[in-house]
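Step one of this worksheet: look at the structure below.
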Amino acid sequence: ETMETIQDQFFDGERPLFGKHDARLIRTTFGEGESPLKESRDITLRDSTFTWKYPLWYSKHVDVINTIFETMSRSGIWYTDDISLRNCSFQEPKLFRRAHHITLQNDHFSNAEETLWSCSDIAIENVDASGDYFAKDSENIYVDHLNLIGNYAFDGCRYVEVHNSTLVTKDAFWNCDHVVIFDSVISGEYLAWNTKHLTLINCTIASDQG
């Protein structure tokens with residue numbers, strides 16, 4: 001199918017582009033109204049803005065570049081498979097839930113609370129995030145250059161590989177299995193309680209338990 005192009009448009013109300021597929025959205029703003037792109041697939045978003053709840057639920061094959069998710073676009077990307085978000089700004093909590101095959105590159109999360117819960121197959125590169133309970137109960141995570149400030153990070157995760165990161169987070173990597181961390185700094189109380197198969201290579205750890 002040929003890609004439809006939607007450019008310089010404003011949409012509001014409930015589900016304005018429900019089920020939209022094979023479309024390129026450029027400089028598009030979604031105003032008040034829940035689930036604007038629910039069940040969309042094969043979508044490209046560029047230079048766009050989401051202002052309201054549940055923007056991308058049950059979507060597939062989505063590529064997002066240089067897009068803003070404002071404070072009220074909470075619980076933004078749930079039950080979605082195969083999504084890439086590059087050069088994006090996220091202001092809302094609870095962003096990803098039960099989503100899979102996620103790529104995050106050059107992104108900023110100002111409120112990453114409860115973000116990336118119960119997700120899998122995640123690649124994180126050059127990301128800044130602030131918020132508690134980042135990446136809880138997720139698996140198959142590859143991280144390079146994550147700057148995270150927020151407690152209880154990576155609780156209950158499996159198969160995690162971290163490189164070149166700075167994590168200011170108390171009680172990090174609790175209840176995990178198979179975690180390898182290279183060339184990183186972890187600062188915070190009580191690292192890795194109840195965790196199996198944790199490997200630290202060339203890391204600096206500041207912890208109450210030493």
Side-chain angles (χ1 to χ4, degrees), residues 3-124 127-139 141 150 153 155-156:
M3 291 281 272
E4 172 190 3
T5 297
I6 296 169
Q7 195 167 315
D8 299 307
Q9 299 287 313
F10 177 86
F11 296 95
D12 59 5
E14 299 286 304
R15 305 186 180 191
L17 295 181
F18 179 86
K20 177 60 72 178
H21 60 88
D22 299 287
R24 186 185 293 111
L25 284 74
I26 301 166
R27 293 188 301 277
T28 298
T29 298
F30 294 93
E32 276 196 36
E34 294 177 4
S35 308
L37 279 166
K38 190 174 182 182
E39 295 193 29
S40 56
R41 61 180 169 81
D42 298 295
I43 296 282
T44 303
L45 278 150
R46 299 274 185 286
D47 306 311
S48 295
T49 302
F50 291 100
T51 70
W52 211 247
K53 299 176 196 166
Y54 325 136
L56 288 160
W57 276 42
Y58 296 101
S59 297
K60 280 192 171 143
H61 316 311
V62 182
D63 190 29
V64 186
I65 292 179
N66 203 36
T67 288
I68 297 168
F69 290 72
E70 291 187 0
T71 308
M72 278 307 299
S73 66
R74 50 199 304 125
S75 309
I77 300 169
W78 288 25
Y79 312 108
T80 282
D81 187 37
D82 183 24
I83 184 165
S84 162
L85 301 115
R86 289 170 284 164
N87 303 314
C88 292
S89 301
F90 304 98
Q91 297 176 315
E92 82 287 32
K94 304 182 182 179
L95 187 66
F96 295 94
R97 193 74 49 96
R98 299 190 186 280
H100 311 286
H101 302 102
I102 301 163
T103 300
L104 302 172
Q105 217 169 21
N106 307 324
D107 297 317
H108 182 262
F109 294 81
S110 66
N111 183 1
E113 188 173 321
E114 296 183 28
T115 282
L116 287 168
W117 277 24
S118 303
C119 295
S120 68
D121 303 297
I122 304 161
I124 296 172
V127 167
D128 289 314
S130 181
D132 293 345
Y133 292 107
F134 184 84
K136 179 173 156 58
D137 297 327
S138 289
E139 64 179 29
I141 308 171
D155 186 354

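From a predicted model like this one, the values you see are computed outputs, not experimental measurements. Keep in mind that the numbers below use all heavy atoms, side chains included, and drop hydrogens, waters and symmetry copies.
Residue pairs satisfying the salt bridge (Lys or Arg N to Asp or Glu O under 4.0 Å) criterion with at least one member in residues 77-86, sequence neighbours excluded, are listed as follows: Asp63-Arg86. Sequence neighbours left out, the pairs with a member in residues 46-58 that pass side-chain hydrogen bond (donor to acceptor under 3.5 Å, both in side chains) are Asp47-Asn66.
With contacts defined as side-chain heavy-atom distances shorter than 4.5 Å, the pair Asp128/Phe109 does not qualify. Side-chain atoms of Phe10 and Asp12, non-hydrogen and from C-beta on, do get closer than 4.5 Å to each other. Within the 4.5 Å cutoff, side-chain heavy atoms of Arg41 are placed close to those of Asp22.
Using a distance-only test at 3.5 Å, with no hydrogens or angles considered, a donor-acceptor pair links the side chain of Ser138 to the main chain of Cys119. The closest donor-acceptor contact from the side chain of Asp107 to the backbone of Gln105 lies under 3.5 Å. A donor-acceptor pair is defined here as one N or O able to donate and one able to accept, closer than 3.5 Å; such a pair exists between the side chain of Thr80 and the backbone of Ser59. Gln9 places a side-chain N or O within 3.5 Å of a backbone atom of Gln7 that can act as its donor or acceptor partner.
For the atom pair CG of Asp137 and CG of Asp155, the computed distance is 6.5 Å after rounding to the nearest 0.5 Å. Atom-to-atom distance recorded for Leu104:CG and Leu85:CG is 6.0 Å, nearest 0.5 angstrom. Atom NZ in Lys94 sits 12.0 Å away from atom CD in Glu92 (nearest 0.5 Å). Considering CZ of Phe96 and CD1 of Ile77, their distance stands at 4.0 Å, rounded to 0.5 Å. Distance check, rounded to the nearest 0.5 Å: NE2 of His101 to NZ of Lys60 gives 11.5 Å.
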| field | Residues Ile65, Cys88; criterion side chain to side chain contact (heavy atoms under 4.5 Å, CB included); working and verdict | value | CA-CA 6 Å; Ile65 292 179; Cys88 292; 5.9 Å; no
| task | Determine, step by step, whether Leu116 and Ile122 satisfy the side chain to side chain contact (heavy atoms under 4.5 Å, CB included) criterion, reporting the C-alpha distance in whole Å, the side-chain angles of both residues, the deciding distance to 0.1 Å, and the verdict. | result | CA-CA 9 Å; Leu116 287 168; Ile122 304 161; 4.0 Å; yes
Identify all side-chain donor-acceptor contacts of residues 25-39 below 3.5 Å with residues at least two apart in sequence or on another chain.
| from | atom 1 | to | atom 2 | distance (Å) |
| --- | --- | --- | --- | --- |
| Arg27 | NE | Asp8 | OD1 | 2.7 |
| Arg27 | NH2 | Asp8 | OD2 | 3.2 |
| Thr28 | OG1 | Ile26 | O | 3.3 |

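Nearest heavy atom pair, residue Arg97 against residue Glu114, reads NH2-O, 3.4 Å. Counting all heavy atoms, side chain and backbone alike, Gln91 lies closest to Thr71 at OE1-N, 3.5 Å. Of all the heavy atoms in Glu4 and Lys20, the pair that sits closest is OE1-NZ, 3.0 Å.
When each of Phe69, Phe90, Phe11 is tested with Phe50 by the rule ring-ring contact (aromatic ring centres under 6.0 Å, His included), just one qualifies, namely Phe69.
A donor atom on one side chain and an acceptor atom on the other are found under 3.5 Å apart for Ser120 and His100.
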